[in-house]
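Notes follow once the structure below has been shown.
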Amino acid sequence: MSVNVSILDPATALAGHLTGDVIAPGHPEYDAARSVWNGMIDRRPAVIVRCADADDVAVAVRFAAERGLPIAVRGGGHNVAGTAVCDDGLVVDLSAMRAVRIDPSGATVHVQGGATWADVDAVTTPLGRATTGGVVSETGVAGLALSGGVSHQRRRDGMTIDNLVSAEVVLAGGRRVRASADDHPDLYWALRGGGGNFGVVTSFELRLHDLGPEVFTLNVAYPVADAAQVLAGWRDAVADAPDELSTSGFIWSLPDIEELPAELRGVSYVGIGGMWAGDPAEGERVCAPLRELATPLVDMSGPAEYGAFQQSLDPYFPAGLRYYWKALYLRELSDAAIKTTVARSMRRPSNDTLVIIRHCGGAISRVGAEDTAFGDRSSEWMLSIDSTWSDPAADEENIAYTRAFFDAATPFSTGQTYFNFPGLLENGDAEVKSTYGENHDRLRRVKAQYDPENVFRLNQNIQPA
Ligand SMILES: Cc1cc2nc3c(=O)[nH]c(=O)nc-3n(C[C@H](O)[C@H](O)[C@H](O)COP(=O)(O)OP(=O)(O)OC[C@H]3O[C@@H](n4cnc5c(N)ncnc54)[C@H](O)[C@@H]3O)c2cc1C
């Protein structure tokens with residue numbers, strides 16, 4: 001369907017052409033619909049199209065292209081850079097497209113483009129099945145899945161992109177295609193790491209694995225004064241860990257919860273956390289050395305229902321706080337990298353800021369750099385600086401802290417960042433090139449084929465060749 005692109009305002013021009021809703025300034029839901037998870041983002045789109053189905057997506061994309069309106073695509077709205085909304089443009093809002101269904105084969109799950117991980121887990125975990133997704137259940141599937149996707153079971157099952165079997169995509173001109181190993185294989189390659197550059201994904205088909213219902217979860221808090229020793233001990237202990245074990249070492253503050261003694265609440269600590277994606281008793285045995293790296297302040301490890309574990313971090317990442325996160329991959333977790341990480345972490349301007357090193361490798365590293373758009377996977381360690389605060393007056397201080405930390409860690413890095421934690425997209429082209437490395441030229445050619453006008457550009461943008 002072609003929409004009249006006359007001088008009518010966007011909401012009026014779109015009326016009658018959509019099954020879903022059109023939300024424009026003045027609409028009672030406008031402010032709620034334009035807000036995203038990061039409270040720093042305050043953008044005012046010309047119109048928000050809350051799509052009901054893929055046909056609506058096609059109408060919205062065509063309409064925006066014909067009018068020359070910038071397009072933002074909203075999956076779960078969780079990206080720290082806030083690219084799910086834009087000023088003066090059109091938002092393709094998928095938040096009403098959240099259906100999840102198991103494929104009749106039982107091997108995969110079909111997930112609509114606006115679903116969150118909570119939507120997926122609600123369907124899969126009761127069956128003792130899971131795909132690799134985010135560790136906070138309110139995060140959107142789409143953004144996470146298109147730029148990698150690291151989960152609690154990442155070393156056993158790979159990244160989310162490694163489990164993408166097919167995708168239904170609305171392209172820049174509004175055409176709908178399926179991408180898989182057999183259909184549009186170049187697009188299928190690009191979607192696995194290339195972010196939102198190639199079209200709007202209205203449905204993902206993701207591979208399922210046996211998991212749970214019970215898993216062993218690791219969560220030990222040690223004194224922050226022991227941080228360097230604990231992180232080095234963790235690194236050495238997991239060097240040859242089985243793939244079932246995915247862990248992280250981090251510096252954070254203990255939460256203000258009644259399960260903790262009053263004197264520990266709010267105290268900075270070094271933590272070792274993670275999950276064993278296998279038999280819980282075996283997990284407890286394998287994790288034992290990680291619980292003795294120093295004298296713990298508190299050890300909250302133990303068996304848990306996987307579905308509940310997936311929601312256990314949700315309260316610590318509420319919508320509306322101010323967030324500026326940046327991540328990079330390390331060549332190795334050397335003593336010097338640990339020293340820098342610990343020294344910088346001790347100076348966190350906000351108690352809510354989390355500094356986390358994720359152990360990657362395992363199944364992630366067994367996929368070749370050119371097999372998916374994501375690029376090189378040889379790094380075993382991802383350092384992420386998750387700055388989090390609440391006072392707008394502290395924006396400058398927290399952003400400057402994160403950037404200085406990132407710069408100090410850069411000499412230890414492979415040159416790749418992780419695009420699901422993109423800061424505010426400030427380094428543009430340079431980061432895109434260094435992160436995609438050898439794959440960048442090929443991505444540009446695929447972009448030229450599927451989005452030659454760069455309609456989808458509010459992202460880590462790949463310029464068409
Ligand atoms: C609290 C929290 C926890 C997180 N935990 C993890 C984690 O465990 N593992 C991990 O890997 N990452 C994690 N992330 C990062 C997360 O992967 C990114 O923030 C991701 O962008 C979120 O996806 P979304 O759909 O909610 O994003 P949105 O903000 O909705 O979208 C981000 C971008 O993705 C693209 N996009 C979104 N939907 C579509 C679509 N349907 N089709 C095409 N393009 C689309 C667009 O370019 C859009 O600008 C976490 C983030 C937060 C805030």
Side-chain angles (χ1 to χ4, degrees), residues 35-39 41 43 51 54 57 61 70-86 89 91-95 97-98 111-119 132-154 158-161 167-172 179 187 190-191 193-204 246 248 275 310-311 313-321 323-327 354 356 358 360 364 374 382 384 386 388 418-423 425 450-451 455-462:
S35 76
V36 289
W37 172 80
N38 187 352
I41 309 297
R43 301 201 179 117
C51 302
V57 174
V61 168
I71 297 184
V73 183
R74 182 190 184 111
H78 256 59
N79 195 283
V80 274
T83 46
V85 282
C86 56
V91 175
V92 178
D93 177 355
L94 301 183
S95 61
M97 292 175 59
R98 293 168 60 166
V111 181
Q112 276 193 312
T116 63
W117 288 104
D119 297 325
T132 190
V135 304
V136 171
S137 77
E138 293 153 1
T139 308
V141 172
L144 182 143
L146 292 167
S147 289
V150 287
S151 67
H152 287 307
Q153 60 268 38
R154 59 189 176 272
M159 288 191 279
T160 310
I161 47 172
E168 305 288 334
V169 190
V170 175
L171 300 176
L187 179 60
L191 290 175
N197 272 286
F198 300 94
V200 183
V201 179
T202 54
S203 182
F204 296 84
S246 296
S248 301
M275 192 185 86
Q310 278 288 89
Q311 302 194 358
L313 288 170
D314 292 5
Y316 306 113
F317 298 96
L321 291 186
Y323 297 96
Y324 182 83
W325 296 0
K326 283 190 82 66
L354 164 69
I356 180 165
R358 289 181 181 79
C360 299
I364 296 175
F374 188 86
M382 184 215 287
S384 180
D386 299 353
T388 303
Y418 180 53
F419 280 149
N420 271 328
F421 305 135
L425 301 184
Y450 289 95
D451 182 16
V455 165
F456 301 109
R457 60 179 176 274
L458 301 180
N459 44 39
Q460 282 81 20
N461 196 231
I462 296 160

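Remember, it's 1-based here, ligands and their atoms both numbered in the order they're listed.
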Heavy atoms, side chains only, cut-off 4.5 Å: are [X] and [Y] in contact?
X: F204; Y: L146; result: yes
X: T116; Y: S137; result: no
X: R43; Y: V91; result: no
X: R358; Y: S248; result: yes

Out of curiosity, F421 CZ to M382 CE, how far, rounded to the nearest 0.5 Å?
->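 Answer rounded to 0.5 Å: 6.0 Å.
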
Mind checking what residues have non-hydrogen atoms under 4.0 angstrom from ligand 1?
->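 Ligand 1 is contacted, at a heavy-atom distance under 4.0 Å, by W37, V73, R74, G75, G76, G77, H78, N79, T83, A84, L94, G113, G134, V135, V136, T139, G140, A142, G143, L144, L146, G149, V150, G196, G199, V200, V201, F317, W325, Y418, N420, F421, L458, N459.
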
Given the side-chain rings of Y323 and W37, with only the six-membered ring counted for Trp, is the space between their centroids under 6.0 Å?
->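 Yes: the rings meet the under 6.0 Å criterion.
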
